[in-house]
Amino acid sequence: MVDATSLASRARSIGRGFAVTAAAGAAAGLAAAGYGLWEKNQFVLREETLPILPPGFGPFRVLHLSDIHFVPGQDRKAQWLSSLADLEPDLVVNTGDNLSHVKAIDPLLKALTPLMEYPGVFVPGSNDYFAPKLRNPASYFSGPSKAQEKPVELDWPRLRSYFGMSGWVDLTNRNQSVVLKGLRFDFSGVDDPHLKLERYAGWPRGTKGQDSTPHLRVAVIHAPYQRVLDHFTEDGADILFAGHTHGGQICLPGYGALVANCDIPTWRAKGLNDWQSNGRTTPVNVSGGIGTSRFAPVRIACRPEAVLLTLTER
């Protein structure tokens, strides 16, 4: 028979065990948060090569930017963005979610000004229209995030106008052909599929059918939902650029992304991969993104990235 003293001693021992476990868990959580805060500023350039140009053309260098999620005071991010102009790209592709704060436009434009010396195209993401709100990060495991109630509107018209006046082509539910380094690029883009705003404009007039002029068809979207990837693949895109996923933002080393915030498989949340639909195949570059929501300012095993994609002769 166990006496009261023995029971009390055992209870104290169990209590100390729980306390040690809780303290260890808290310490691990703090360490992970600290690491995540550090990694979000460890900007990297992912470089890829893709042989898709018509014979006699190339190389052609495309700088892909996405999900900058700029917040005032992000000086290190601003300096890194400006430094990307040193790459002297032939084209800049911006796949949206530039903003994360109502006062972000001026410092963002200052950071991007050196890159606007180069040809560019762009589409918006939901965080160009609306500021993010605080939410439970665990909710992402239940599926793609939902539209906000009473969202705070951002000055997307001003940002859009500035991009356009700087020479970047607006592909929001529209198409346009541009000749770059002697090659005709046929662009087609859509508004943010995450908000279900996409409306397909097709390819520029006169570029379908038996067109023998050397050209490249480039599709540009923000969120890589399967329905949009299927559409552009079946419609003959030669390459597709997308963002939105943040590469998962918090990943497990050796495994990868846990969520993609859309309906693509998590292993496709970042990188250059082929997408197949109805017998056709299109390479898709999904950017892991440059920023985070200001309410979840961490990255783990998923460093912020820009992508330099060198297109070569097929």
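All values derive from a computational prediction rather than experimental measurement.
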Open item on the list: Counting C-beta onward and ignoring hydrogens, is there a side-chain heavy-atom pair between F185 and D90 closer than 4.5 Å?
Closed with: no
Task: Closest non-hydrogen atom pair, T95 against G243 - done: OG1-N, 3.8 Å
Task: Non-hydrogen atoms of A104 and L99 that approach each other most closely - done: CB-CD2, 4.0 Å
Open item on the list: Would you say that more than 12 heavy atoms from the other residues, nucleotides or ligands in this model lie under 6.0 Å from the NZ of K103, or not?
Closed with: no
Task: Minimum-distance pair of heavy atoms, taken over all atoms of R160 and D170 - done: NE-OD2, 2.5 Å
Open item on the list: Same cluster or not: V218 versus F57, using hydrophobic residues (I, L, V, M, F, W, Y) connected whenever any side-chain heavy atoms lie under 4.5 Å apart?
Closed with: yes
TODO: Considering non-hydrogen atoms only, spot the tightest contact between K196 and R199 and give its length.
DONE: O-NH1, 3.5 Å
Task: F60 and L53, any side-chain heavy atoms less than 4.5 Å apart - done: yes
TODO: Would you give the length of the straight line joining atom NZ of K270 to atom CG of N285, rounded to the nearest 0.5 angstrom?
DONE: 11.0 Å
TODO: Would you mind reporting whether N278 and T233 have side-chain heavy atoms less than 4.5 Å apart?
DONE: no
- [ ] For P193 and E198, work out which heavy atoms get closest and say how close.
- [x] CA-OE1, 3.3 Å
Task: Residue among I221, V284, N94, L309 satisfying side-chain contact (heavy atoms from CB on, under 4.5 Å) with F241 - done: L309
TODO: I would like to know whether L154 and L159 meet side chain to side chain contact (heavy atoms under 4.5 Å, CB included); could you show each step before the answer?
DONE: CA-CA 9 Å; L154 300 176; L159 185 62; over 6 Å; no
TODO: From the options L240, D263, L229, select the one residue that forms a side-chain contact (heavy atoms from CB on, under 4.5 Å) with P224.
DONE: L229
Task: Separation between CG of D128 and OG of S100, rounded to the nearest 0.5 Å - done: 10.5 Å
Open item on the list: So, taking the atom named CG in D186 and the one named NE2 in H215, what distance separates them when rounded to the nearest 0.5 Å?
Closed with: 5.5 Å
Task: Audit row: V62, L308, side chain to side chain contact (heavy atoms under 4.5 Å, CB included) steps and yes/no - done: CA-CA 6 Å; V62 181; L308 185 64; over 6 Å; no
Open item on the list: Would you say V307 ends up clustered with I239 if hydrophobic residues are merged whenever their side chains have heavy atoms under 4.5 Å apart, either directly or through other cluster members?
Closed with: no
Task: Single-linkage hydrophobic cluster, 4.5 Å side-chain cutoff, V93 and L171 together - done: yes
Can you give me every donor-acceptor pair (side chain of residues 107-119, partner residue at least two apart or in another chain, under 3.5 Å) with its distance?
| unit_1 | atom_1 | unit_2 | atom_2 | d |
| --- | --- | --- | --- | --- |
| T113 | OG1 | L109 | O | 2.6 |
| Y118 | OH | A85 | O | 3.3 |

Open item on the list: Rounded to the nearest 0.5 Å, what separates atom OG1 in T245 from atom CG in D67?
Closed with: 7.0 Å
Task: Minimum side-chain heavy-atom gap R314-P54 below 4.5 Å - done: yes
Open item on the list: Using side-chain heavy atoms (C-beta onward) and a distance below 4.5 Å, is L50 in contact with L311?
Closed with: yes
TODO: Examine W168 and F187 and state if one hydrophobic cluster contains both, with Ile, Leu, Val, Met, Phe, Trp and Tyr joined whenever side-chain heavy atoms are less than 4.5 Å apart.
DONE: no
- [ ] Check the angle between the aromatic planes of H244 and H222 and answer parallel, tilted or perpendicular using the 30° and 60° thresholds.
- [x] perpendicular
- [ ] Output, in order, the C-alpha distance, side-chain angles, deciding distance and verdict of side chain to side chain contact (heavy atoms under 4.5 Å, CB included) for T292 and H69.
- [x] CA-CA 6 Å; T292 69; H69 288 286; 5.9 Å; no
Open item on the list: Would you compute the distance between atom NZ of K40 and atom NZ of K77 and round it to the nearest 0.5 angstrom?
Closed with: 7.0 Å
Open item on the list: Does anything in residues 79-99 form a ring-ring contact (aromatic ring centres under 6.0 Å, His included)? List the pairs, not counting sequence neighbours.
Closed with: F43-W80
Task: Test side chain to side chain contact (heavy atoms under 4.5 Å, CB included) applied to D191 - qualifying residues, sequence neighbours left out - done: P124, Y129, T172, N173, L197
Task: Any side-chain heavy-atom pair of F122 and L65 under 4.5 Å - done: no
TODO: Spell out, yes or no, whether L81 and F163 are grouped together once hydrophobic residues are joined by side-chain heavy atoms under 4.5 Å, including indirect joins.
DONE: yes
Open item on the list: Going by side chain to side chain contact (heavy atoms under 4.5 Å, CB included), name the residues that satisfy it together with S188, two or more places apart in sequence or in a different chain.
Closed with: N175, W203, F232
Open item on the list: Consider side chain to side chain donor-acceptor pair (under 3.5 Å). Of E234, R227, Q226, H231, which one does S277 pass it with?
Closed with: E234
Task: Those residues that, when tested against R268, pass salt bridge (charged side-chain N to carboxylate O under 4.0 Å, His left out) (two or more places apart) - done: none
- [ ] Output the distance between atom CG (D235) and atom CG (D230), rounded to the nearest 0.5 Å.
- [x] 12.0 Å
Task: Heavy-atom check, side chain of H64 versus side chain of R46, under 4.5 Å - done: no
Open item on the list: Please give me the minimum heavy-atom distance between H246 and C302, naming the atom from each residue.
Closed with: O-SG, 3.2 Å
- [ ] Mind checking side chain to side chain contact (heavy atoms under 4.5 Å, CB included) for D155 and listing every partner two or more places apart, or none if nothing turns up?
- [x] I105, P157, R158
Open item on the list: With a 4.5 Å cut-off on side-chain heavy atoms, are Q42 and R76 touching?
Closed with: yes
TODO: Report yes or no: does Q249 contribute a side-chain atom to a donor-acceptor pair with the main-chain N or O of V298 at less than 3.5 Å?
DONE: yes
